[in-house]
Amino acid sequence: MVSLVLGMLLCVALALVVMALVAVPARRAGREVLTERGEEFIGSIRDHQLRPGRSSGSEHHDHDETGTTRSDEPVGASA
């Protein structure tokens, strides 16, 4: 288990080093890091997060940010 955690930390550290060596200088030089498709994807995520949520019209159910439905009833309760 310890070796798994250490391996994951090593991978994260390596990713941070790559970002520091590649992406940060490119961004400072004014170059885009993402492709045009990637920029559109990030923009659509930002737009989606800024839009107010839609109401389902039900008082007992609420939709969270992931689109799943939450209910006030306990799990396993039947009507």
Q) Can you name the side chain to side chain contact (heavy atoms under 4.5 Å, CB included) partners of Ala23, sequence neighbours left out? A) Met19, Val33
Q: Answer yes or no: is there a side-chain heavy-atom contact under 4.5 Å between Val12 and Leu16?
A: yes
Q | Non-hydrogen atoms of Ala20 and Pro25 that approach each other most closely | A | O-CD, 3.3 Å
Q. With Glu39, which residues qualify under side chain to side chain contact (heavy atoms under 4.5 Å, CB included), at least two apart?
A. Glu32, Leu34
Q: Run through the side-chain heavy atoms of Ile, Leu, Val, Met, Phe, Trp and Tyr, join any pair under 4.5 Å, and report what else lands in Val5's cluster.
A: Leu9
**Q.** Option from Leu10, Leu4, Leu6 for which side chain to side chain contact (heavy atoms under 4.5 Å, CB included) with Met8 holds
**A.** Leu4
Q: Please list, chain by chain and in numerical order, all residues satisfying side chain to side chain contact (heavy atoms under 4.5 Å, CB included) with Leu14, sequence neighbours excluded.
A: none
Q: Give, for atom OG of Ser44 and atom CD of Gln49, the distance between the pair rounded to the nearest 0.5 Å.
A: 10.0 Å
